[in-house]
Amino acid sequence: MKKASTILLAAAMACAMHSCFTGIESTPRIGDGELKRQHVSTTPEQRFLSGVVAARPSQWQSGKEFYVTDSKINLIFTSASTGTDSLEGEVIHFCRFDSVPAVDSHSAAEMILTHGSDTLRWRPGFNLDELAGRTRLDIPFSVDLDMVAQVRSQLAGNTYYITTPLWYHPATMQRSGGLRHVPVLIRDVQPGTADMPLKVIFTPQTDRADSSRRCVLMTIGDRRLATRNFDRLFAFENPRRRYPAITDEVWNLIINSKVREGMTRDECRLALGAPLQIIHGSGTLGTTERWSYPDGVYLIFDDGFLTRFRL
């Protein structure tokens, strides 16, 4: 009898623990296979620049241009006769691929580039036969200017709704205050950094006094490093139209990336973006959620409404 009571007590404790169990939800890692299966549900913004692809290296023509983003590019060259201390901010030109002997008695491909009268040589780590089968080749610390030109032709002159507040001054790349979900006119696309190869320059189309040029950094393609593609930064249509119940007062908070108690989860997501992690729980007042963001920012919802936060 005592043993049975112990079992019942343990079961009750387990049940109680289960009722207040906190589940954790975070952005899952998606493999290439799963990504392909999900491709059918992509948005128009995700599909917009899918036609912009880099030329195969076997199709490169002499004179093809690359913008140098970092002086570290000098480290990749096997030999260089250059009087320039730093190539950062300069344009180098592709000349040709040569076949040269490698240390293991095999041949290796060597890329010949030029900067003015200087010759630059880089061995990407494969031979000419392998080169023919490659669909893409990236020169470290550089941006393919043909890709920049393709994106510029697609974006320049168009108006979109920007969804990120991470705005920068184009010349200095210093952060400036940015708004969300406001229309911006794309003025130009220039080379960015090696990781974020596109600098998209725009003018905010708002009734505010400051309408000087700003920019965001953008990636392109479907590779692992392409984390800030067009669809993560811009929308074709005014997001406000999808949320007619949001008041003007709350919408003004949203475009300024601010929140207040009583806002819904949709309103907070519009204001701050998707959280890194969501922790679900339950208590005497009902269901709870804690949304976590970088830099210690968090939101706590009770029954779907914001009750506590730290920005």
Side-chain angles (χ1 to χ4, degrees), residues 48-78 80 82 84-97 109-116 118-126 131 134-158 164 166-175 186-202 213-234:
F48 178 49
L49 295 176
S50 60
V52 178
V53 294
R56 300 172 68 98
S58 60
Q59 298 173 337
W60 290 3
Q61 300 295 315
S62 178
K64 180 178 175 63
E65 296 180 328
F66 295 87
Y67 176 85
V68 178
T69 63
D70 197 308
S71 60
K72 294 186 182 69
I73 196 171
N74 283 322
L75 299 175
I76 74 170
F77 299 131
T78 57
T82 176
T84 306
D85 293 334
S86 173
L87 291 173
E88 183 174 351
E90 298 290 319
V91 174
I92 58 178
H93 299 80
F94 168 76
C95 184
R96 66 184 184 276
F97 286 103
E110 185 172 72
M111 182 188 298
I112 310 300
L113 303 111
T114 60
H115 175 252
D118 299 323
T119 299
L120 313 171
R121 302 176 185 274
W122 174 52
R123 297 185 184 182
F126 51 82
L131 172 70
R134 297 185 67 93
T135 59
R136 178 167 180 153
L137 176 61
D138 295 317
I139 302 176
F141 311 113
S142 71
V143 174
D144 184 342
L145 288 183
D146 285 341
M147 293 283 288
V148 176
Q150 289 185 63
V151 176
R152 181 188 300 118
S153 69
Q154 296 274 5
L155 301 189
N158 297 334
T164 175
L166 300 179
W167 298 9
Y168 298 86
H169 292 282
T172 64
M173 291 308 295
Q174 292 182 338
R175 278 284 303 274
I186 308 300
R187 297 292 187 178
D188 194 12
V189 178
Q190 297 178 1
T193 68
D195 293 331
M196 303 282 180
L198 302 169
K199 181 194 293 186
V200 182
I201 301 173
F202 59 86
R213 294 193 176 193
R214 296 291 187 268
C215 73
V216 292
L217 294 174
M218 189 174 83
T219 57
I220 190 170
D222 57 2
R223 298 185 303 163
R224 185 179 298 275
L225 294 178
T227 57
R228 287 177 61 81
N229 283 3
F230 178 87
D231 62 286
R232 303 293 296 272
L233 303 175
F234 301 101

Taken in chain and number order and not counting sequence neighbours, the residues that satisfy salt bridge (charged side-chain N to carboxylate O under 4.0 Å, His left out) with R136 are D138
Derivation and outcome, side-chain contact (heavy atoms from CB on, under 4.5 Å), residues Q190 and L198:
CA-CA 6 Å; Q190 297 178 1; L198 302 169; over 6 Å; no
Which residues share a side chain to side chain donor-acceptor pair (under 3.5 Å) with R96, sequence neighbours left out
D98
Is the shortest heavy-atom distance from the side chain of D231 to the side chain of F48 under 4.5 Å?
no
Residues that Q59 engages under side-chain contact (heavy atoms from CB on, under 4.5 Å), provided they are two or more places apart
A55, R56
Is there a side-chain contact between I201 and V189 (heavy atoms, below 4.5 Å)?
no
Begin with the C-alpha distance, continue with both residues' side-chain angles, and end with the deciding distance and a verdict on side-chain contact (heavy atoms from CB on, under 4.5 Å) for M218 and V151.
CA-CA 11 Å; M218 189 174 83; V151 176; 4.1 Å; yes
Do V68 and I92 have side chains that get closer than 4.5 Å, going by heavy atoms?
yes
With sequence neighbours left out, write down each residue that passes side chain to side chain donor-acceptor pair (under 3.5 Å) with T69, or none if nothing qualifies.
none
Check whether any side-chain heavy atom of M173 sits under 4.5 Å from a side-chain heavy atom of C215, and report yes or no.
yes
Would you name the heavy atoms of I186 and L155 that are closest together and state the gap between them?
CB-O, 3.4 Å
Would you find a donor on one side and an acceptor on the other, under 3.5 Å apart, between the side chain of D70 and the backbone of F141?
no
Quick one: does any side-chain atom of K199 pair with a main-chain N or O of P170 as donor and acceptor, under 3.5 Å?
yes
Any chance you could lay out the side-chain contact (heavy atoms from CB on, under 4.5 Å) test for T164 and F234, step after step, and finish with the verdict?
CA-CA 8 Å; T164 175; F234 301 101; over 6 Å; no
Which residues pass the side-chain contact (heavy atoms from CB on, under 4.5 Å) test with T172, not counting sequence neighbours?
H169, Q174
Flag side-chain contact, heavy atom, 4.5 Å: V53 against Q150:
no
Please report the C-alpha distance between V52 and F230 in whole Å, then the side-chain angles of each, then the deciding distance to 0.1 Å, and finally whether the side-chain contact (heavy atoms from CB on, under 4.5 Å) criterion is met.
CA-CA 12 Å; V52 178; F230 178 87; over 6 Å; no
Measuring from R121:CZ to C95:SG, what's the distance to the nearest 0.5 Å?
9.5 Å
When rounded to the nearest 0.5 angstrom, what is the spacing between CG in L120 and CE in M111?
11.0 Å
Under the side-chain contact (heavy atoms from CB on, under 4.5 Å) rule, collect the residues that match up with R232, sequence neighbours excluded.
none
Is it the case that the side chain of S142 and the backbone of F66 share a donor-acceptor pair, with hydrogens and angles ignored and the cut-off at 3.5 Å?
no
M147 side chain near I220 side chain, heavy-atom distance below 4.5 Å:
yes
Output all residues satisfying side chain to side chain donor-acceptor pair (under 3.5 Å) with K64, sequence neighbours left out; order by chain, then residue number.
D144, D146
For the atom pair CG (D195) and CG (L225), what is the distance rounded to the nearest 0.5 Å?
6.0 Å
At what distance, to the nearest 0.5 angstrom, does CG of N229 lie from OG1 of T219?
3.5 Å
Taking all non-hydrogen atoms of both residues, which atom of W122 and which atom of I76 are closest, and how far apart?
CD1-O, 3.2 Å
Euclidean distance, N74 CG relative to E88 CD, rounded to 0.5 Å:
10.5 Å
For P191, give me all partners under side-chain contact (heavy atoms from CB on, under 4.5 Å), at least two apart in sequence or on another chain.
Y67, V143, L145, V148
Checking F202 now: which residues fulfil ring-ring contact (aromatic ring centres under 6.0 Å, His included) with it, not counting sequence neighbours?
W167
Residues that R123 engages under salt bridge (charged side-chain N to carboxylate O under 4.0 Å, His left out), provided they are two or more places apart:
E110
Could you check if a side-chain atom of L113 sits within less than 4.5 angstrom of a side-chain atom of I139, using non-hydrogen atoms only?
yes
Output yes when a side-chain donor or acceptor of T114 lies under 3.5 Å from a complementary backbone atom of G116, and no otherwise.
no
By ring-ring contact (aromatic ring centres under 6.0 Å, His included) - contacts of Y168 (at least two apart)
none
Any non-hydrogen side-chain atom of T119 less than 4.5 Å from a side-chain atom of I112?
yes
Test ring pair (Phe, Tyr, Trp, His ring centres under 6.0 Å) on F94 and W60 and set out the steps.
CA-CA 8 Å; F94 168 76; W60 290 3; 5.3 Å; yes
Heavy-atom closest contact (H115 atom, V91 atom, distance):
CD2-O, 3.5 Å
What pairs of residues pass the salt bridge (charged side-chain N to carboxylate O under 4.0 Å, His left out) test when at least one of them lies in residues 147-156, not counting sequence neighbours?
R152-D188
